[in-house]
Structures are given as C-alpha cells and as structure tokens.
2 protein chains.
Amino acid sequence: MQEGVRARKKRETRQAIIDAAIRLFGEKGFEATSIDELARAAGIGKGTIYGYFRTKLEIFFAFCEEQIDYSFSAVSTTHNSDAPLLEQLHTLFFSQFRFITANAEFGRQLVRELTFPSEANRNLSRDLDRRYLKTVQDILIAGKARGELHPDCDPLLATVHFYALYLLLISGWYSGYSTTHEDQSQALRALLQQALAGLGNGTLTQPLPPAVLEPIRALVATP
Amino acid sequence: MQEGVRARKKRETRQAIIDAAIRLFGEKGFEATSIDELARAAGIGKGTIYGYFRTKLEIFFAFCEEQIDYSFSAVSTTHNSDAPLLEQLHTLFFSQFRFITANAEFGRQLVRELTFPSEANRNLSRDLDRRYLKTVQDILIAGKARGELHPDCDPLLATVHFYALYLLLISGWYSGYSTTHEDQSQALRALLQQALAGLGNGTLTQPLPPAVLEPIRALVATP
DNA sequence: TTAAAAATTCGACCGTGGTCGGAATTCTAA
DNA sequence: TTAGAATTCCGACCACGGTCGAATTTTTAA
C-alpha cells in the first residue's frame, strides 16, 4: 500500500518542528524560544505541536538526539581500543563533557533531565543512559581481558562507578569549582586514576589541579 | 535602638511565608502549590512574596533548610566515629538519601538544583555542598589516621570521589534502576567497597544486588 | 506635630507552557 | 462519487510564575 497523504504529512510536520527547533534553539537557546514561535517557524499552529510532542522538553530531546549522535560518532572515530583504560575513559568522558557544556543552558537542562529524570521522561533518559553505559562497559571488558582490571571486578559495577565520576565532573563544572577545560581534564584524570588504584591502598594518586582543589578546599575550610 | 515596626513585620512576614510553605509544600507538593495560594495562606498579597524571595525555588530552599538541618543533626547523633570507614560513609549517605527521596518530587527539585545549579542559585547550593563535603572529609581524615586510607591518598580527592558515588545513588533511584531502599543500601555498600578496594587490583568486591543489577544489565544488553 | 522621604504592599497585568473542542482534512466503503 | 467515520489541526483559553507602579505605611527631620 502506498504511503497516504496523512502519513507523509505527519512525517514532514514532525521534521519541520525539529528543523525549526534546531534553528531556534541554536540561535536563541531553549528558554528564550517559545512554543508559539516554534510553531510559527514550523508553519503550523501551536496546538499541533502537542500532537507530536507531549512537552517542550521532549522537543528539546529530539533536538539533542541528532547532536548526540554526532558526538558519539566523533568519539568512535578517534577511539583507540588499544590505549590504556585510563586514556580511553578520559577521551570518552571528556569529549562528552565538552559537548554537553558547549552551551551552558542547553547542557544544564539536558543533564538535569538525564540524571534525575521525571517519570514522564524516564524512558527517554534511559535510552541515552544505555549508550553511555554500553560504551563504557565495552571499554572495561576489553580492558579486563588485557588484565587492566582485577579479575574479580564486575565490569558492570565498575561501569556505574566510572559513570559516577563522569557525573561529578559535570556537576563540578556547573557548581563553578573549575572554570577551564584544562582543569576539568586534569581533575577527571585524577579521579579515574584514583578509582583504578583504589582509595584504601595502592599506588600514589595524581593530585587534582590546584585551580579545582583550592575552591573546594576553601569551601570545606569555611567555618 | 528599639526594633522598629518595619523590622519586626519583615521578620514576621518572612516567617509566615516559610510556615505557609512548610504546610502547603508538605501537603500538596512543590509543583502543585501556586505562589498565589502561598501568599493567601501567609495572609499577604502575591507581589509581597517577591520582596522576600526572588523565585519560587528560593522559597523551596528556605523550606528545605529546616528539614536539612534536622536531617544532619539526626545523622550526627547516630554517628559512631570509631566504626569502619565503610560503615560511617554508608550511614551518612544512606540517611541523606532516605531524607531526599522521602518525597519524590521534593527530592528531585532539590537535587537537580544542588547538583547542576543555575548561576543564580550557585551560592545557595554551595552552602549545602559545604556541609556534605565537610562531614565526609572529617570522616575520611579520621579514617586515614587509623590507617584505613592509603597514606598518600588525598582526603579531599577521596571526598569528592565518594560524593560522586552518593550522586549516583540518587540518580539511580530517580532513573528507576532500583525501587526499594534495601537494594539501594546494598548498591551503595558495593560501590563504597569497590572504591576503597580499587578497581585495578585488590580484593574481591561485593556484588550489586540483583534487583539493581538486572535492569542495568538488561539496559546494556539491549541491541 | 507634621510633611517630605523611604520602604513596603499588592493586585492588575504580561508572556509562558499546555489544554480543549469544534473545524478542517483525509480515509474508507458502498 | 459520495457520505460518514476517523484523524489532524489550531487558536481561544487556562493557570502559572513573575513584574510593575500606584497606593499605603513607616521613618526621618525640622
């Protein structure tokens, strides 16, 4: 059966909304773009949007997907699966970090919803979680085969552990504990190294960069 | 000089708003309580609220402070500074976790704003960060003195490391990777243990509870 | 005591995200 | 070809968070 007018329009309209979103969110940001504008730009009425997306945030996620696809593919091309675990994880997390924080407000919305999703968006956020976790897990499994992980170490448990450090990296950025990417890069390396070495015993860990350390030290030192 | 009518009223009005917030947020939740209602309940006009708080979220934080104070004091009373690091950290993080997630929507708003604060709320979130980090650091320093941490391990770096695991615990809850407190408790213990032992080498780590592990495993296994 | 100044109150008002039901369009079947 | 069923469209409408300036209350100074 031929694709009917209805199905074609539905596809086209959906794409028109996303295209408009990419343009307007990119130009003016998420908050500053109203649903009304978006509808006008897509050449449709406001109410129509809600036949395609349940919420403004959902449009935002559709907008993200394309960018995230690009981001992931960029990582996989520069990915060297023979490098040490530390380097591979650092490359992955840091390039994702750079992508997310390229636009502050954009990244904040995204990461808030991904990390602490409302029930309506759980499935959306889970899809993205999966890609991250899978990528990390693959790296870890290969690393374990090379003997870089303890034989009894569960790769999955290790995966979520590293994922936690990645979250902290982003949180630290938004909390203002460091303001340069260079510092964040070093902080990430220090945390990864520490996780691999273990806190209880093991080899010396690399220190955090002073620019990151000092604000935190000052914070903790305040009476 | 006597306290003028103005100063007294200001204090009273502020307290009236917070009291109304405690009641209404507690009864109906944050989202479902409108500023207008809040103003009526406090016996003032809507506009007046904005002479005391810049934003609805700021009222929410004022509401939180009292609860968080209570939560921290509850922890400090049950705190046993001679127990092993693992136990102390578990007690601290888990009781905070329970507090935060006692009301789902309340907790989500709070933790989103604390973890990825907007610039306007950075200082607010930093104040709360401080309390957490300080508490953790004190525990770690004492633990290090007892020889539970590697001598070269920087307590501050270790502090942020553990803090990351705490964030993950909350994130996992909101993402629905586990639905019972018991599972979360075990997951936290496993993560803490793993961090202490180190991922690269060291002793066997305790597994995550299956109820937590399985959804993640399934997620990662999906094609 | 009083009048000018300063601080505070408040509700009408704005733009927003999201809803809803009737109008318009497309599909189905005879 | 056509009538009626099913779907899609859309802008008036709603409640909300937040603003603003006129009106009120308190302070200050003569």
Side-chain angles (χ1 to χ4, degrees), chain A residues 1-18 20-21 24-25 27-63 105-106 108-109 112-113 118-121 124, chain B residues 1-18 20-21 24-25 27-63 105-106 108-109 112-113 118-121 124:
Chain A
M1 173 180 160
Q2 186 84 349
E3 184 192 51
V5 175
R6 205 160 250 170
R8 195 188 74 245
K9 262 177 129 180
K10 189 133 192 163
R11 223 178 0 89
E12 286 174 353
T13 301
R14 193 191 146 84
Q15 195 55 50
I17 295 172
I18 294 181
L24 291 179
F25 287 170
E27 281 172 10
K28 319 174 45 175
F30 175 73
E31 303 272 16
T33 303
S34 75
I35 295 279
D36 232 335
E37 280 177 296
L38 210 51
R40 298 297 167 83
I44 57 176
K46 180 180 175 179
T48 306
I49 293 223
Y50 289 90
Y52 294 86
F53 301 94
R54 272 172 308 173
T55 190
K56 195 185 180 188
L57 217 60
E58 220 168 63
I59 306 173
F60 176 74
F61 275 117
F63 160 70
E105 200 47 44
F106 162 98
R108 173 159 31 230
Q109 293 284 345
R112 276 187 182 180
E113 197 60 38
S118 45
E119 282 179 47
N121 293 61
L124 260 62
Chain B
M1 176 180 157
Q2 188 83 346
E3 185 191 50
V5 175
R6 199 158 257 170
R8 195 188 73 245
K9 260 175 128 180
K10 189 130 194 166
R11 224 176 1 88
E12 285 174 354
T13 301
R14 193 190 146 84
Q15 195 54 50
I17 296 173
I18 293 180
L24 290 179
F25 288 169
E27 280 172 13
K28 319 175 43 178
F30 175 74
E31 305 271 15
T33 303
S34 76
I35 294 281
D36 232 334
E37 281 177 295
L38 210 51
R40 299 299 168 80
I44 58 177
K46 179 181 176 178
T48 305
I49 293 222
Y50 289 89
Y52 294 86
F53 301 93
R54 271 171 310 174
T55 190
K56 195 185 180 188
L57 217 61
E58 222 169 62
I59 306 173
F60 177 73
F61 275 115
F63 161 69
E105 199 49 42
F106 162 97
R108 171 156 38 229
Q109 293 283 346
R112 276 187 182 181
E113 198 59 39
S118 46
E119 284 182 45
N121 293 55
L124 257 62

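Chain identifiers are assigned alphabetically (A, B, ...) following the order of the sequence lines, protein sequences preceding nucleic acid strands; residue numbering begins at 1 within each chain. Quick caveat, the model's predicted, so the values are computed rather than measured.
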A.B. asks: Does any residue of residues 53-62 of chain A have a heavy atom under 4.0 Å from DNA chain D, and if so, which ones, in number order?
C.D. replies: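 Heavy-atom contacts with DNA chain D come from no residue of residues 53-62 of chain A; none.
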A.B. asks: Could I get the full list of side chain to side chain contact (heavy atoms under 4.5 Å, CB included) partners for Ala20(B), not counting sequence neighbours?
C.D. replies: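 With sequence neighbours excluded, Ala20(B) shows a side chain to side chain contact (heavy atoms under 4.5 Å, CB included) to Leu38(B), Ala41(B), Ala42(B), given in chain and number order.
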A.B. asks: Please report the distance, rounded to the nearest Å, between CG in Asp36(B) and P in dA15(D).
C.D. replies: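 Spelled out: CG on Asp36(B) to P on dA15(D) is 11 Å.
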A.B. asks: To the nearest Å, give me how far apart OH (Tyr52(B)) and C1' (dT9(C)) are.
C.D. replies: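 That distance rounds to 9 Å.
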A.B. asks: Please give, in whole Å, the distance from dC20(C) P to Ile49(A) CD1?
C.D. replies: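 Nearest whole value for this atom pair: 18 Å.
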A.B. asks: The criterion is side chain to side chain donor-acceptor pair (under 3.5 Å); which residues satisfy it with Glu113(B), sequence neighbours excluded?
C.D. replies: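 Only Arg112(A), Ser118(B) meet the side chain to side chain donor-acceptor pair (under 3.5 Å) criterion with Glu113(B).
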A.B. asks: Any N/O pairs under 3.5 Å between the protein and nucleotides 11-15 of chain C? List them or say none.
C.D. replies:
unit_1	atom_1	unit_2	atom_2	d
dG11(C)	N7	Gly47(B)	N	3.4

A.B. asks: Quickly work out the Gln109(A) CD to dG17(C) P distance and round it to whole Å.
C.D. replies: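 In whole Å, dG17(C) P lies 12 Å from Gln109(A) CD.
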A.B. asks: Using the side chain to side chain contact (heavy atoms under 4.5 Å, CB included) criterion, which residues pair with Ala32(B)? Sequence neighbours excluded.
C.D. replies: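 Listed in chain order: Lys28(B).
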A.B. asks: Only pairs at least two apart or in different chains count here, so list each side-chain hydrogen bond (donor to acceptor under 3.5 Å, both in side chains) that has a residue in residues 38-49 of chain B.
C.D. replies: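 Residue pairs with at least one partner in residues 38-49 of chain B: there are none.
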A.B. asks: Could you list the residues that satisfy side chain to side chain donor-acceptor pair (under 3.5 Å) with Glu119(A), not counting sequence neighbours?
C.D. replies: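 Glu119(A): no side chain to side chain donor-acceptor pair (under 3.5 Å) contacts found.
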A.B. asks: Rounded to the nearest Å, what distance is computed from the CZ atom of residue Arg8(A) to the P atom of nucleotide dC9(D)?
C.D. replies: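 Going from CZ in Arg8(A) over to P in dC9(D) covers 12 Å.
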A.B. asks: For Glu37(B) and dA15(D), give me the distance from atom CD to atom C1', rounded to whole Å.
C.D. replies: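 Rounded to whole Å, this separation is 11 Å.
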A.B. asks: For Glu12(B), enumerate each residue passing the side chain to side chain contact (heavy atoms under 4.5 Å, CB included) test, keeping only those at least two apart in sequence or located in another chain.
C.D. replies: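 Arg8(B).
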A.B. asks: Just list the side-chain donor-acceptor pairs under 3.5 Å for residues 51-63 of chain B, sequence neighbours left out, or say none.
C.D. replies:
unit_1	atom_1	unit_2	atom_2	d
Arg54(B)	NE	Glu58(B)	OE2	3.2
Arg54(B)	NH2	Glu58(B)	OE2	2.7
Lys56(B)	NZ	Phe30(B)	O	3.0
Lys56(B)	NZ	Thr33(B)	O	2.8
Glu58(B)	OE1	Arg54(B)	N	2.9

A.B. asks: Can you measure Ile17(B) atom CD1 to dG18(D) atom P for me and round it to whole angstrom units?
C.D. replies: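 Going from CD1 in Ile17(B) over to P in dG18(D) covers 13 Å.
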A.B. asks: Lys9(B) side chain: which of dT8(D), dT25(C), dT25(D) is closest?
C.D. replies: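 Given the options dT8(D), dT25(C), dT25(D), the side chain of Lys9(B) is closest to dT25(D).
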A.B. asks: In whole Å, I'd like the distance from the CD1 atom of Ile35(B) to the P atom of dG18(D).
C.D. replies: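 In whole Å, dG18(D) P and Ile35(B) CD1 are 6 Å from each other.
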